[in-house]
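Computation of the quantities below employed the complete heavy-atom set of this structure, encompassing side-chain atoms and omitting hydrogens, waters and symmetry-equivalent molecules.
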Amino acid sequence: MDELQPHLGTNYTRDDAPVPEGTIVIERGVSAQEFAPKVNRTAADLVRFLLKNGEMVTATMTLSDEQMELFALEIGAEILLVEPGQQEELELQALFDDSDDEIEALQQSRPPVVTVMGHVDHGKTTLLDKIRNANVVAGEAGGITQHIGAYKVPHDGGAITFIDTPGHAAFTKMRARGAQVTDIVVLVVAADDGVMPQTAEAINHAKSADVPIIVAINKIDKENADVDRVMAQLSEYELVPESWGGDTITVQMSAQQNLGVDDLLSQLLVVAELEELTANPTGRAKGIVLEANLDTGRGPVATILVDKGTLRVGDPIVAGAAWGRVRAMIDDQGRQIKEAGPSTPVQVLGLSAVPGAGDEFRVAPDDKTARTVAEAREQRSRLTNQRGDARVQKGVKLEDIFSQIQAGEVATLNLLLKADVHGSLEAVTESLRKLERDEVKLSFVHRAVGGITENDISLASATNATIIGFNVRPDRKAREMAAAEGVDIRTYEIIYKLLEDIERAMVGMLAPEFEEVVTGEAEVREVFRVPKIGAIAGCLVRSGVITRGSKVRFIRDGVIIWKGSINSLKRFKDDAREVREGFECGIGLSDFTDLKGGDLIETFDEREVARV
C-alpha cells in the first residue's frame, strides 16, 4: 500500500524515466492518457497523483489547465498549453518564417500588383475595361463595381496585375484590404469633378500602406474638365504633381476615348522597376483571398492572389477556416492552368468551404495539417459566434421600430443578412453598423453568403429578425414559409436603397412607394442553341404565370446573376402570350445566354403601395 501513498516531490513512474528536454507543446482539452505519454509518464501515474491531491479523474477524462500544469511542475517538465490546432498553426507559420531569410539568388522580379482606387463614377471600371478589353460595366447595378476582381495584363514585354476595388464609401474596408496587398496605387480622379470624399479615403489607404501613388486624371475630354484645379486639390493632400515640382506621377487621360491608357501602363512598369519588386517563386505558395463565393456545380470558389512561391494543382491549402487540395485553377481569361507564381490572380476550386475575403491562404505540408488547422479555426469561430448569439435580445420588426423609439425605449433591430459574396456581406455590415444610435441598436443574428433559405426563415422567426438580402433572393418555399411565419424579407441590389430604408425606419418614414410581386417561376430543364437566335431555355413553369415581356430575374443557387426581360415565349413551336403553372415552354431572354439546367427564371411586377 505504500506505493499508493504518493506525495509532492515524488515521480510516479515505474522506470523513473527522465522527462523530455525543452518545451513540450500540449493541446488544451486532452485526457490523461493523451497527456501523460508526452511527458514520458503513464496515465496511471497522472491519475494517482491527482487523486492524492484531491482531484478525481479517470484516464479518459479531459484535464484542466491547472491539473496539467500541477503535474508538469511536480515532475519538472516544461509545457506550453495551446488551443486545439494551434500547434499545427505554429508549425505552418514556421515553414514560411524560415523561408523569409531566403538567399538572394532565389529572388526573381515579379509583376507589380496595382490597385485602382477613386470616387464612384470617376471611371475606374471603364479604365480597366479598356485595359483588359472586356465589358464589365453593363451588368453592374447603378454602375457601381461591387466586388473585387483581379486581372493580369501584358504590356511592353512585362505584365501588370490589377486589383479593382469598389468606389462607394460602403466598401472602405475592401479598399483598405486592396491597399494592403498592392505595390502601386492608381488613383483615378475625374477632371470635371475633382477630389471627392472617397478619393481622400483612397489617398489615406495608399499612404497607410506606404505604396507609391500614380494619379490618373480621367475624363479630360469633358467640356468642364479642369486639370489645374485637380492638381491643386491633389497638392493639398501632399500629392504634388511632377509638373509642379513634386514627385507624384500624373497621367492625363480619357478612358472612354482610350487616350493616355498606354502611357499609364508604361509609367506603372517604370515605377515597378524602381521599386525592385521581387519574390521567390520556388517553395510553398502563400497569398491572400480577394473574394470567394459558393458556385452551383463547382462548389466553393476563391479568387486568390499569390504572394510568394508557386501554387500548383494538387497542393493542400488552408485559407481561413477552409481547406482542401487545389482541384483546378482558372486564370482571369477563363483558362485552366496548372500553376500560378507570385503576383498571379487565379480562381481556386477544391476548398471545403467558402473562405472569407481577406483571409490568408498557405500551402500546407499535407492534408492532415491543412484540415486540423482549418477545423480548429472553424471551431474557434463557432464558439465566438455562439457567445455572440447568447447576447441576442428580443428585437422589434423594422416597421415597428419607430413606435418603440417614441415610447422612450431602446430598440434592438435584429437583422439576418445574406449576400452574394463575402465582399458585399462585409461592406453592407459595416455600412449598417454606422447607422446605430443611442436609441437603436443593431444585432446580426446571422450573416452568410448565399440565397435566402427555409433555415434562414426559421432563425428569423425565432429571433424576430428582419431578413436583408443583397443581390440574393428567397426561393418559392422560403417565400411561402416567410408569409406563414410573418417574417419580413427585404431584398436589394443597390446599397444606397438598403441604407435609405433602414434609416427611414429609424425616423418613422419607412413607406416604400413600390413593392415587387413575384408573378411566375420557371425552372430551366434544357438549353437549346438556335442559329442566329442564341440560347433558348426549355422550362417548366413551377408556379404562377410566365408572361412575354415580363420583367425577369435569373437566379442560380439563390443568387441573382442577371435582370432583364423575356424576349420570346413559345409553347412548342408557337408563340405564346403567357404560360401557366405545370406547362412547359421555351424562353428566350433579351441579352443573356449563360443558361444552365436547374436555374430559375423569376418574373415579377412592381405594384404601387400607398404611403402610411
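- The two residues Ala522 and Ile587 come nearest to each other via the heavy atoms CB-CD1, 4.3 Å.
- Between the side chain of Ser424 and the backbone N or O of Ala419 there is no donor-acceptor pair closer than 3.5 Å.
- The line from CZ of Arg433 to CD of Glu436 is 7.0 Å long, rounded to the nearest 0.5 Å.
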Checklist entry - How far apart are the C-alpha atoms of Val261 and Ile131, what are their side-chain angles, what is the distance that settles it, and do they pass the side chain to side chain contact (heavy atoms under 4.5 Å, CB included) test? => result CA-CA 7 Å; Val261 175; Ile131 290 172; 3.8 Å; yes
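- The backbone N or O of Thr161 sits nowhere less than 3.5 Å from a side-chain atom of Lys152 that would complete a donor-acceptor pair.
- Heavy-atom minimum distance, Leu435 versus Leu499: CD1-O, 4.0 Å.
- His422 places no side-chain N or O within donor-acceptor distance of the main-chain N or O of Val449, the cut-off being under 3.5 Å.
- One finds the OG1 atom of Thr126 at 5.5 Å from the CD atom of Gln256 (value rounded to the nearest 0.5 Å).
- Using a cutoff of 4.0 Å between basic side-chain nitrogens and carboxylate oxygens, Arg542 and Glu523 are scored as salt-bridged.
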Next on the checklist: For a side-chain hydrogen bond (donor to acceptor under 3.5 Å, both in side chains) check, start with the C-alpha distance between Thr115 and Thr182, then their side-chain angles and the critical distance, and finish with the verdict.
Outcome noted: CA-CA 6 Å; Thr115 299; Thr182 199; 2.9 Å; yes
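- Between the CZ atom in Arg284 and the OG1 atom in Thr310 there is a gap of 13.0 Å [rounded to 0.5 Å].
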Next on the checklist: Determine whether Leu268 and Phe162 satisfy the following criterion, side chain to side chain contact (heavy atoms under 4.5 Å, CB included), listing intermediate values before the conclusion.
Outcome noted: CA-CA 11 Å; Leu268 285 169; Phe162 285 91; 3.8 Å; yes
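- Taken to the nearest 0.5 Å, the CD atom of Glu521 stands 11.0 Å off from the SG atom of Cys539.
- Proximity of a side-chain donor or acceptor of Asp501 to a complementary backbone N or O of Leu498 within less than 3.5 Å is not detected.
- At most 12 non-hydrogen atoms from other residues, nucleotides or ligands lie less than 6.0 angstrom from CD of Glu526.
- Heavy-atom minimum distance, Arg110 versus Asp183: NH1-OD2, 2.7 Å.
- Of all non-hydrogen atoms in His446 and Lys418, the two that sit nearest each other are CD2-CD, 4.5 Å.
- A salt bridge links Arg335 with Asp331: the closest approach of a Lys/Arg side-chain nitrogen to an acidic carboxylate oxygen falls below 4.0 angstrom.
- Smallest separation of non-hydrogen atoms from Ser568 and Ile536: OG-CD1, 4.3 Å.
- Within the 4.5 Å cutoff, side-chain heavy atoms of Pro345 are placed close to those of Leu305.
- With no hydrogens or angles considered, a side-chain donor-acceptor pair links Thr453 and Asp456 at under 3.5 Å.
- The closest side-chain heavy-atom distance from Val559 to Asn293 is not below 4.5 Å.
- Under the 4.5 Å side-chain criterion, counting only non-hydrogen atoms from C-beta, Leu187 is in contact with Thr199.
- In this structure, the side chains of Leu432 and Phe444 come closer than 4.5 Å at one or more pairs of heavy atoms.
- Between the side chain of Ser461 and the main chain of Ile457, no donor-acceptor pair closer than 3.5 Å is present.
- The salt bridge (Lys or Arg N to Asp or Glu O under 4.0 Å) analysis of residues 294-306, with sequence neighbours excluded, yields the pairs Asp295-Arg298.
- Taking CD1 from Ile495 and CG from Asn471, the interatomic distance works out to 10.0 Å, rounded to the nearest 0.5 Å.
- Considering only heavy atoms from C-beta on, Met329 comes within 4.5 Å of Val313 through its side chain.
- Here the CD-CD1 distance, from Glu291 to Ile163, works out to 12.0 Å after rounding to the nearest 0.5 Å.
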Checklist entry - Between Lys308 and Asn280, does a side chain to side chain contact (heavy atoms under 4.5 Å, CB included) hold up when you go through it step by step? => result CA-CA 6 Å; Lys308 66 193 303 186; Asn280 177 9; 5.6 Å; no
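- Two residues are said to be in side-chain contact when any heavy atoms from C-beta on lie closer than 4.5 Å; Phe361 and Val306 meet this criterion.
- Of the possible polar contacts, none joining the Thr466 side chain to the Leu415 backbone as a donor-acceptor pair under 3.5 Å is found.
- The heavy-atom pair separating Val552 from Trp562 by the smallest distance is CG1-CZ3, 3.7 Å.
- Here Lys434 does not pair with Glu430 in a salt bridge; the nearest charged N to carboxylate O distance is not below 4.0 Å.
- Side-chain contact between Leu311 and Val348 is present, with heavy atoms from C-beta onward closer than 4.5 Å.
- A heavy-atom distance below 4.5 Å is not found between the side chains of Trp323 and Ile317.
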Checklist entry - Do Ile288 and Asp307 pass the side chain to side chain contact (heavy atoms under 4.5 Å, CB included) test, and can you show the C-alpha distance, the side-chain angles, and the key distance before you say yes or no? => result CA-CA 7 Å; Ile288 193 165; Asp307 175 35; over 6 Å; no
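- Using a cutoff of 4.0 Å between basic side-chain nitrogens and carboxylate oxygens, Glu602 and Arg479 are scored as salt-bridged.
- Although no hydrogens or angles enter the test, the distance criterion places no donor-acceptor pair under 3.5 Å between the side chain of Thr491 and the main chain of Gly469.
- Surrounding CZ of Arg325 are more than 12 heavy atoms belonging to other residues, nucleotides or ligands, all under 6.0 Å away.
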